[in-house]
Amino acid sequence: MGIQLVGLSQAKQKLQRSLSARIASLLATSGTNNVPKGHVAVYVGETYQRRRFVIPISYLNHPLFQGLLNLAEEEFGFDHPMGGLTIPCTEDYFTALASILNGS
């Protein structure tokens with residue numbers, strides 16, 4: 001049992017490092033000319049017409065936002081046609097989540 005937990009912990013750490021590296025790669029290659037330092041542009045929406053939001057990088061570490069990132073990875077992987085981070089949820093949900101994160 002202890003060996004399995006250690007293996008699971010190591011796998012989780014590898015996945016987090018892999019996700020962090022891929023997100024950093026996306027951030028480096030996306031058009032960030034008009035995004036302030038310490039922020040990232042994300043595209044939000046469930047259809048092809050997505051709205052662009054600029055959010056603080058600190059949101060990426062919050063557990064609620066990481067849930068959205070996991071959903072985005074499952075739906076899109078990390079090769080997006082828009083060239084940025086795409087979040088597959090409604091704009092209303094995202095703005096409510098951003099309000100919660102802004103207050104914490």
Side-chain angles (χ1 to χ4, degrees):
M1 179 75 173
I3 294 173
Q4 289 177 343
L5 290 177
V6 170
L8 183 62
S9 175
Q10 290 174 344
K12 181 179 176 185
Q13 288 175 345
K14 277 186 175 182
L15 178 62
Q16 286 176 335
R17 282 192 296 260
S18 174
L19 287 174
S20 296
R22 288 181 179 175
I23 289 172
S25 172
L26 273 175
L27 297 178
T29 59
S30 65
T32 57
N33 295 340
N34 55 354
V35 177
K37 187 173 185 177
H39 291 72
V40 61
V42 296
Y43 297 90
V44 176
E46 296 177 306
T47 64
Y48 289 106
Q49 291 185 338
R50 294 186 176 94
R51 185 169 168 207
R52 183 175 182 258
F53 289 86
V54 177
I55 60 168
I57 290 177
S58 62
Y59 284 12
L60 299 177
N61 291 327
H62 196 282
L64 290 174
F65 198 85
Q66 286 185 353
L68 282 179
L69 291 176
N70 290 335
L71 184 64
E73 179 187 16
E74 289 173 10
E75 186 160 330
F76 298 110
F78 284 101
D79 187 20
H80 300 191
M82 296 184 79
L85 190 56
T86 304
I87 307 293
C89 68
T90 64
E91 288 182 32
D92 292 336
Y93 180 83
F94 186 82
T95 54
L97 177 65
S99 294
I100 291 169
L101 297 179
N102 196 29
S104 62

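For the numbers below, each heavy atom of this structure counts, side chains included, while hydrogens, waters and symmetry mates do not.
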*Asks:* Check whether any side-chain heavy atom of Val40 sits under 4.5 Å from a side-chain heavy atom of Tyr59, and report yes or no.
*Replies:*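 In short, these two side chains do not touch, never coming nearer than 4.5 Å.
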
*Asks:* Kindly indicate whether the side chain of Thr86, heavy atoms from C-beta on, has any atom under 4.5 Å from the side chain of Arg50.
*Replies:*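 Of all side-chain heavy-atom pairs linking Arg50 with Thr86, at least one is under 4.5 Å.
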
*Asks:* Can you tell me how far apart CG (Asn102) and CD1 (Ile55) are? Round to the nearest 0.5 Å.
*Replies:*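 It comes to 11.0 Å.
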
*Asks:* Quick one: closest heavy-atom pair of Pro88 and Leu71, and the distance?
*Replies:*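 Smallest heavy-atom distance, with atoms named: O-CD2, 3.7 Å.
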
*Asks:* Between His62 and Leu60, is there a donor-acceptor pair closer than 3.5 Å when you use the side chain of the first and the backbone of the second?
*Replies:*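 The answer is no, because no donor-acceptor pair under 3.5 Å joins these two groups.
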
*Asks:* For the residue pair Phe53 and Phe94, does the interplanar ring angle fall in the parallel (under 30°), tilted (30 to 60°) or perpendicular (over 60°) class?
*Replies:*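 Rings of Phe53 and Phe94: tilted, 30 to 60°.
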
*Asks:* Less than 4.5 Å apart, any side-chain heavy atom of Leu85 and any of Leu69?
*Replies:*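 In contact.
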
*Asks:* How many angstroms lie between NE2 in His39 and CD1 in Ile57, if you round to the nearest 0.5 Å?
*Replies:*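 Nearest 0.5 Å value for the NE2-CD1 distance: 8.5 Å.
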
*Asks:* Tell me, with the steps shown, if Phe65 and Leu101 meet side chain to side chain contact (heavy atoms under 4.5 Å, CB included).
*Replies:* CA-CA 9 Å; Phe65 198 85; Leu101 297 179; 4.1 Å; yes

*Asks:* On a heavy-atom basis, which atom in Pro36 and which in Val54 lie closest, and how many Å separate them?
*Replies:*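 So the minimum-distance heavy-atom pair works out to CD-CG1, 3.9 Å.
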
*Asks:* Can you list every salt bridge (Lys or Arg N to Asp or Glu O under 4.0 Å) pair that touches residues 87-98, not counting sequence neighbours?
*Replies:*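 Every salt bridge (Lys or Arg N to Asp or Glu O under 4.0 Å) pair that includes a residue of residues 87-98, provided the two are not neighbours, is Arg51-Glu91.
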
*Asks:* Going by side chain to side chain contact (heavy atoms under 4.5 Å, CB included), name the residues that satisfy it together with Ser58, two or more places apart in sequence or in a different chain.
*Replies:*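 For Ser58, the residues satisfying side chain to side chain contact (heavy atoms under 4.5 Å, CB included) (neighbours in sequence not counted) are Pro56.
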
*Asks:* Quick one: pull up CG in Asn34 and CZ in Arg52 and give me the separation to the nearest 0.5 Å.
*Replies:*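 Reported to 0.5 Å precision, the distance equals 4.5 Å.
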
